[in-house]
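Quick notes on the structure that follows.
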Amino acid sequence: MTTDEKYINRCFELAANGLGTTYPNPLVGCVIVKNDSILAEGWHRKAGEPHAERMAISRVSNPSDLIGATAYVSLEPCSHHGRTPPCADLLISSKIGRVVISNSDRNPKVSGRGIERLRNAGIQVDTDVLREQGEWINRRFFHYQRTRKPYVILKWAESSDGFIDVIRNGNLGSHQISGADSSRWVHQWRSQEQAIAVGKQTVINDNPSLTTRKWVGSDPVPVVIAFRDDVLDRKLSSRKDALWLDDLGFNPQSENPSWDEILGKLGKKEVNSLLVEGGRAVLDELLKTNQWNEIRRLVSKKKQIHQGLKAPDLGQISVAACYENADDQLFIYTSAS
Ligand SMILES: NC(=O)c1ccc[n+]([C@@H]2O[C@H](COP(=O)([O-])OP(=O)(O)OC[C@H]3O[C@@H](n4cnc5c(N)ncnc54)[C@H](OP(=O)(O)O)[C@@H]3O)[C@@H](O)[C@H]2O)c1
């Protein structure tokens, strides 16, 4: 690993601290280095709060130490006045000598302009250090910038014999398939995504709360694939932040909207990422139309259901990674697109 890669890698670690809290902004980490020694570090915590570069620079107690130092940043410094002033200007006025960047920003307000501004000021700028790793860390942001739709993660739990639910015969209530460790994983995943979607029948049958109560972090915005009046007296009806199809501007008298339309409407609300927790009809539709980016499939090691609602069929999609805990295996799939 080169010195530049070492510090950019540290930027990634710092950036990851913001996972789940920076939406709709990207994850960014910054390290200020002089004579191969770290002067200060920073990361972007929340939209409206200081960017990573500003946080790092503010932590250098003696401003003259910044003269000629190298700023490592995981994403191209911004050049526009948003909720905070441009970071490129701050780097210039701080007399930073060199800036090393992993990814250029695809946000049209920034793309290439931050780099250009730094170079015009005589600062050496090196780009694309560990570029692919940086793209993976900010995959939700880059996907949103490219498509104006949320990055979609499908998640479900299935029994060892391939069912996601029992036969209901009108019985309501949630039927837990995965174990306690997986529950914590799922709650952690919820804390990392901006929104979480469930289908109408899942709300009726399971009445989920979709919170992160077994993990620290904020709850994602619930998105219910139903109209309000169709699902009364369920937990999500009382969540003021929940988005129902009505809130996305769809008309209950018209045909059910397509997922292309639903994702487009969520994109208009600046939703960068969406965790989809079933049920089967919703998962099937997203799989069939290839509107997903990742799948997290929990498979119980022991629990059998024998007869019930079959898990989605993944056909030829191959596993990207596999983990396990005491009760379950976790298979991860990533979309090629
Ligand atoms: N094991 C797991 O991980 C897991 C996770 C979640 C759920 N589940 C289980 O899955 C079961 C429910 O699955 P399900 O397939 O029956 O139902 P579902 O996917 O939760 O909901 C399907 C219904 O949602 C509505 N819907 C779907 N797409 C829509 C769209 N684009 N626009 C408007 N409405 C749309 C439709 O209602 P209308 O037909 O009325 O329009 C559709 O019948 C539950 O019993 C639950 O326990 C298991």
Side-chain angles (χ1 to χ4, degrees), residues 149-150 152-180 182-183 185-187 189-190 196-211 220 222-232 234-236 242-266 274-292 294-301 303-314 327-333:
K149 288 182 182 156
V152 173
I153 302 173
L154 308 182
K155 172 262 150 184
W156 68 86
E158 64 184 68
S159 61
S160 61
D161 51 354
F163 296 97
I164 63 165
D165 197 16
V166 294
I167 294 178
R168 292 281 180 166
N169 290 328
N171 294 327
L172 302 182
S174 108
H175 186 87
Q176 183 79 24
I177 294 172
S178 51
S182 295
S183 275
W185 278 350
V186 171
H187 286 226
W189 299 341
R190 287 176 180 175
I196 182 168
V198 275
K200 176 172 155 182
Q201 204 54 47
T202 300
V203 176
I204 293 171
N205 290 357
D206 296 7
N207 195 14
S209 51
L210 305 180
T211 60
V223 178
V224 191
I225 308 305
F227 292 95
R228 265 202 177 83
D229 286 349
D230 290 342
V231 189
L232 297 172
R234 307 276 88 189
K235 279 179 196 153
L236 293 174
L243 293 174
W244 296 71
L245 292 179
D246 323 49
D247 303 311
L248 296 176
F250 296 113
N251 182 349
Q253 311 319 328
S254 309
E255 266 186 31
N256 279 348
S258 69
W259 267 98
D260 187 47
E261 292 170 307
I262 295 171
L263 293 175
K265 295 279 190 182
L266 289 171
L274 182 71
L275 179 66
V276 181
E277 292 204 15
R280 166 80 201 243
V282 159
L283 295 167
D284 274 355
E285 192 57 27
L286 286 162
L287 283 164
K288 194 176 78 190
T289 56
N290 207 22
Q291 297 186 88
W292 60 275
E294 267 176 64
I295 298 170
R296 300 180 189 170
R297 172 180 165 237
L298 290 158
V299 181
S300 173
K301 289 181 187 172
K303 191 159 194 158
Q304 296 203 326
I305 288 184
H306 304 294
Q307 256 193 317
L309 188 61
K310 270 278 189 202
D313 179 5
L314 288 180
D327 301 303
D328 307 302
Q329 286 181 297
L330 166 63
F331 297 96
I332 296 187
Y333 305 80

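Nothing fancy with the numbering, it's 1 onward along the sequence. We count ligands from 1, going down the list as the structure has it; atoms in each ligand are counted the same way.
- The pair Asp284-Arg280 counts as a salt bridge, with a side-chain nitrogen and a carboxylate oxygen less than 4.0 angstrom apart.
- When hydrogens are left out, the protein atom nearest atom 22 (C) of ligand 1 is Ala281 CB, 3.6 Å; that is the closest non-hydrogen contact.
- Note: no N/O pair closer than 3.5 Å links Ile262 and ligand 1 by distance alone.
- Between atom 33 (C) of ligand 1 and the options Asp260, Asn256, Thr202, the minimum heavy-atom separation is to Asn256.
- Using a cutoff of 4.0 Å between basic side-chain nitrogens and carboxylate oxygens, Lys235 and Asp206 are not scored as salt-bridged.
- In this structure, Ile204 does not count as a contact residue of ligand 1, since none of its heavy atoms falls inside 4.0 Å of the ligand.
- Of the polar atoms of Pro257, at least one N or O is found under 3.5 Å from an N or O of ligand 1, judged by distance alone.
- For the pair Lys155 and ligand 1, the shortest N or O to N or O distance does not fall below 3.5 Å.
- Checking only distances, Arg280 does come within under 3.5 Å of ligand 1, N or O to N or O.
- Side-chain atoms of Ser159 and Asp161 form a donor-acceptor pair, as typed in the model, at a separation below 3.5 Å.
- In this structure, atom 42 (C) of ligand 1 has no protein heavy-atom contact shorter than 4.0 Å.
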Exercise for the section: Applying side chain to side chain donor-acceptor pair (under 3.5 Å), run through Glu158 and Trp156 and close with a yes or a no. Expected result: CA-CA 7 Å; Glu158 64 184 68; Trp156 68 86; 2.8 Å; yes
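- A donor-acceptor pair under 3.5 Å is absent between the side-chain atoms of Glu285 and the main chain of Val282, judged by distance alone.
- For ligand 1, one of its N or O atoms has an N or O atom of Ala157 under 3.5 Å away.
- A heavy-atom separation below 4.0 Å is found between Glu277 and ligand 1.
- Qualifying side-chain hydrogen bond (donor to acceptor under 3.5 Å, both in side chains) partners for Thr211, counting only residues two or more places apart in sequence or in other chains: Arg213.
- Considering backbone and side-chain atoms alike, Gly278 places every N or O at 3.5 Å or more from each N or O of ligand 1.
- By the criterion of a heavy-atom distance under 4.0 Å, both the backbone and the side chain of Val282 are placed next to ligand 1.
- Each salt bridge (Lys or Arg N to Asp or Glu O under 4.0 Å) pair with one or both residues in residues 243-257, not counting sequence neighbours, appears once here: Arg228-Asp247.
- Considering backbone and side-chain N/O of Arg168, one or more are found under 3.5 Å from N/O of ligand 1.
- Comparing heavy-atom distances from atom 25 (C) of ligand 1 across Leu172, Ile225, Ile164 singles out Ile225 as nearest.
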